[in-house]
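Notes for the one structure printed next.
In listed order, ligands and their atoms are each counted from 1. Worth saying up front: this structure is predicted, and the values here are computed from it rather than measured.
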Amino acid sequence: MRAARAEVGQWEMADTGRDDTPRTKRSRLESGDAVLGVVGLGYVGLPLAAEAARHGIRVIGFDVDSGVVESVNEGLSHIADLPGSEVAGARDRGLLEATADMSRLGRCDAVSICVPTPLSKTRDPDISHVLAAAEAVATVLREGQLIVLESTTYPGTTREVVLPILRRSGLEPGTDFHLCFSPERVDPGNETWKTGNTPRIIGGVTPRCTEVGTAFYSRFVDDVVTVSSAEAAELAKILENAFRAVNIGLVNEMALIADRLGLDIWEVIEAAATKPFGFMKFTPGPGLGGHCLPVDPHYLSWKMRAMDYRTRFIETASEINAEMPTFVVGKVRDALNGARKPVNGSRIVLLGVAYKTDVADVRESPAMDILELLERDGAEVLYHDPHVPEWPTRDGRVLRSQPFADGLLQGADAVVIVTDHSAFDAREIYRMSSILVDARNATAGVPESRRTARPQRWIVKG
Ligand code: SAJ
């Protein structure tokens with residue numbers, strides 16, 4: 001199950017037995033001149049490329065965005081968690097270059113596919129980027145190559161979707177080439193766990209594929225965990241994210257319950273978290289953001305609907321998480337009402353619109369739902385987020401972050417802490433606001449708020 005650093009042993013003569021057997025080509029995967037292709041240079045692909053290069057593996061990065069290609073070739077990083085020096089260093093050592101020319105995939109001995117797997121407008125899986133990458137690989141697929149899909153997707157994608165495309169080459173997995181699934185585990189903003197030191201699951205479409213994939217990834221990942229199949233690896237990743245989405249849904253439902261009981265949910269959670277075993281702390285908030293948790297579990301729901309099974313936990317948690325923006329807007333309405341002010345015509349400032357603390361990513365951020373609900377009720381909504389200078393709205397506008405200057409909060413009828421960035425000074429925000437709704441309990445450490453907050457908190461002033 002858990003392969004320590006997989007030993008790079010002598011490869012047995014490959015099944016085919018021919019002179020130009022994959023053994024020679026496969027041994028390239030273990031040699032110093034192995035070339036890794038990384039398709040998709042986003043928050044997963046670029047750190048992966050940099051980590052492999054750091055271990056002396058030559059990397060060609062592929063991206064459809066010419067801006068990304070240029071940026072990497074200039075030695076710059078467009079990924080907040082990856083210092084530019086890592087990119088420049090790899091480039092200067094001749095171990096990293098980027099291109100949009102997908103035909104160069106044929107040069108690569110291994111290819112990691114790290115492209116987005118979003119939901120379509122009808123909330124169904126959109127694996128178009130995976131299909132495009134697989135098609136590009138299929139046109140140049142050759143013996144000895146290792147292909148690894150890293151994009152989060154539903155169980156079966158690797159074997160039922162990617163493999164048939166690659167098989168058009170006439171090559172067979174496990175003998176001619178190798179195909180695995182190995183889920184990315186990037187936690188944006190996490191200073192401790194990076195690509196190289198985060199344990200990595202890998203499973204192949206054949207045992208041989210798993211063996212070859214394990215050996216190759218072990219060259220630049222400290223701890224590679226093999227599973228019996230690509231499907232097991234695909235489902236493990238979905239379990240990881242569904243676990244979080246469902247537990248966040250549970251704690252958000254507890255917040256709705258505590259609110260009705262007149263209780264402070266954060267006090268209740270802190271108390272429960274003193275249990276030294278059998279409990280894991282999650283906190284309520286304005287909703288579930290990011291390009292992973294609100295999306296990945298729905299890939300499984302979609303797959304299981306086709307098998308006439310309803311993933312009830314995932315769907316119920318999703319409904320509750322999606323209710324939180326409305327709940328927060330209700331608190332704003334209640335607070336304004338207490339001051340005899342309608343939402344209509346009020347100026348409301350949102351603090352923090354990224355999907356979580358200390359990141360710049362706004363994808364699926366609940367702040368967008370809060371903005372739309374308040375604007376629908378006639379409010380004038382401004383925002384300040386030091387990580388998000390510009391915020392494109394769903395109706396085509398581009399809002400700009402207001403400077404956190406004197407007067408911004410004082411001039412607002414209500415202030416809402418939506419994402420609690422470390423840069424925010426909760427006490428200052430509290431002091432400057434006449435009405436303050438805190439969706440993250442960021443003001444827990446502000447003594448004055450104990451006097452003015454409602455019993456349930458959320459409304460901490462006004
Ligand atoms: N959130 C809560 N309450 C919590 C925890 C999170 O409301 O107790 C919210 C956050 O504010 C955010 C959303 O949930 O809006 C998702 O936050 P997250 O940190 O759980 O998820 P991501 O998408 O930033 O990253 C996760 C990774 N996070 C962790 O493991 C801590 C990991 O699951 C995956 O590697 C990554 O998704 C991915 O790429 O799949």
Side-chain angles (χ1 to χ4, degrees), residues 40 42-48 79-81 114-119 150-154 181-195 197-201 233-256 265-266 268-270 272-273 279-300 317-318 320-325 327-328 351-370 385 387-388 417-422 438-442 458:
Y43 81 99
V44 174
L46 192 55
L48 178 73
I79 302 298
D81 290 343
C114 306
V115 295
T117 45
L119 290 176
E150 295 213 1
S151 308
T152 305
T153 185
Y154 59 84
F181 183 80
S182 178
E184 56 86 6
R185 279 176 165 174
V186 175
D187 181 21
N190 192 316
E191 295 295 324
T192 306
W193 297 104
K194 301 292 185 185
T195 302
N197 68 345
T198 300
R200 165 76 71 141
I201 297 171
E234 290 163 332
L235 188 57
K237 172 63 180 180
I238 297 276
L239 170 59
E240 289 169 19
N241 282 3
F243 165 77
R244 291 185 67 73
V246 168
N247 277 286
I248 292 164
L250 170 65
V251 82
N252 279 329
E253 179 165 57
M254 282 294 170
L256 300 177
I265 183 60
W266 287 282
V268 170
I269 291 168
E270 285 309 316
F279 183 78
M280 185 171 180
K281 176 181 168 183
F282 289 86
T283 50
L288 191 66
H291 40 285
C292 310
L293 270 62
V295 172
D296 300 344
H298 289 283
Y299 268 65
L300 183 63
S318 177
I320 292 166
N321 289 328
E323 200 177 310
M324 296 313 286
F327 174 74
V328 170
L351 293 179
V353 298
Y355 80 86
K356 75 173 184 179
T357 306
D358 296 345
V359 301
D361 196 339
V362 294
R363 283 177 287 183
E364 303 279 337
S365 174
M368 183 56 68
D369 300 303
I370 291 171
D385 187 320
H387 301 277
V388 184
I417 299 174
V418 181
T419 299
D420 51 339
H421 292 312
S422 306
D438 179 0
R440 295 286 188 173
N441 201 34
W458 300 93

Checklist entry - Judged by non-hydrogen atoms, does Met324 sit under 4.0 Å from ligand 1? => result no
One finds that the ligand 1 atoms under 4.0 Å from a non-hydrogen atom of Gly289 are 12 (C), 13 (C), 15 (O), 16 (C)
Inset, instruction - Look only at the side chain of Lys237 and the backbone of Glu184, and say whether a donor-acceptor pair between them is shorter than 3.5 Å. - result: yes
### Task
Output yes when the distance from some N or O of ligand 1 to some N or O of Glu184 is under 3.5 Å, and no in every other case.
yes
Atom 1 (N) of ligand 1 has as its nearest protein heavy atom Ile248 CD1, 3.6 Å
Honestly, for Glu240 the part within reach of ligand 1 (heavy atoms, under 4.0 Å) is neither
protein heavy-atom neighbour closest to atom 38 (C) of ligand 1 works out as Cys292 SG, 3.1 Å
Contact region, Thr419 to ligand 1, non-hydrogen atoms below 4.0 Å, reads neither
Heavy-atom closest pair (Val359 atom, Ala354 atom, distance to 0.1 Å) is O-CB, 3.0 Å
If we number the atoms of ligand 1 from 1 as shown, the ones under 4.0 Å from a heavy atom of Pro188 are 24 (O), 25 (O)
Candidates Phe243, Tyr43, Tyr355; heavy atom nearest atom 10 (C) of ligand 1 found on Tyr355
Numbered in order shown, the ligand 1 atoms found under 4.0 Å of a heavy atom of Arg185 are 35 (O)
Residues Pro47 and Thr195: closest non-hydrogen pair is CB-OG1, 3.6 Å
If we number the atoms of ligand 1 from 1 as shown, the ones under 4.0 Å from a heavy atom of Lys237 are 34 (C), 35 (O), 38 (C), 39 (O), 40 (O)
Of all heavy-atom pairs linking Tyr355 and Gly289, the shortest is CD1-C, 3.5 Å
Looking only at N/O atoms, are Thr152 and ligand 1 under 3.5 Å apart anywhere? no
When distances are taken from atom 8 (O) of ligand 1, the protein heavy atom at minimum range is Thr283 N, 2.8 Å
Review point. Below 4.0 angstrom, N of the basic side chain to O of the carboxylate: do Arg244 and Asp296 qualify?
Key: no
Should the pair Trp458 and Trp266 be assigned to parallel (<30°), tilted (30 to 60°) or perpendicular (>60°) ring geometry? tilted
Rounded to the nearest 0.5 angstrom, the CZ-OG1 distance for Arg440 and Thr357 is 6.0 Å
**Study point:** Side chain Asp81, main chain Tyr43, donor-acceptor under 3.5 Å
**Key:** no
Can a donor-acceptor pair be found, under 3.5 Å and without considering hydrogens, that links the side chain of Asn247 to the backbone of Phe243? yes
A student checking ligand 1 against Leu293 at a 4.0 Å heavy-atom cut-off should list atoms 16 (C), 20 (O), 21 (O), 23 (O), 26 (C), 37 (O)
Closest to atom 31 (C) of ligand 1 (heavy atoms only, candidates Glu364, Lys281, Arg244) is Arg244
For atom 14 (O) of ligand 1, the closest protein heavy atom turns out to be Leu288 CD1, 3.2 Å
Nearest non-hydrogen protein atom to atom 17 (O) of ligand 1, with distance, is Lys356 CD, 4.0 Å
Counting heavy atoms under 4.0 Å, the part of Arg440 that contacts ligand 1 is side chain
Ranked by distance from atom 27 (C) of ligand 1, the top protein heavy atom is Asp187 OD1, 3.6 Å
Here the atoms of ligand 1 under 4.0 Å from any heavy atom belonging to Asp296 are 40 (O)
Note: ligand 1 atoms sitting under 4.0 Å from heavy atoms of Val186 are 34 (C), 35 (O), 36 (C), 38 (C), 39 (O)
Note: Asn241, heavy atoms under 4.0 Å from ligand 1, region reported as side chain
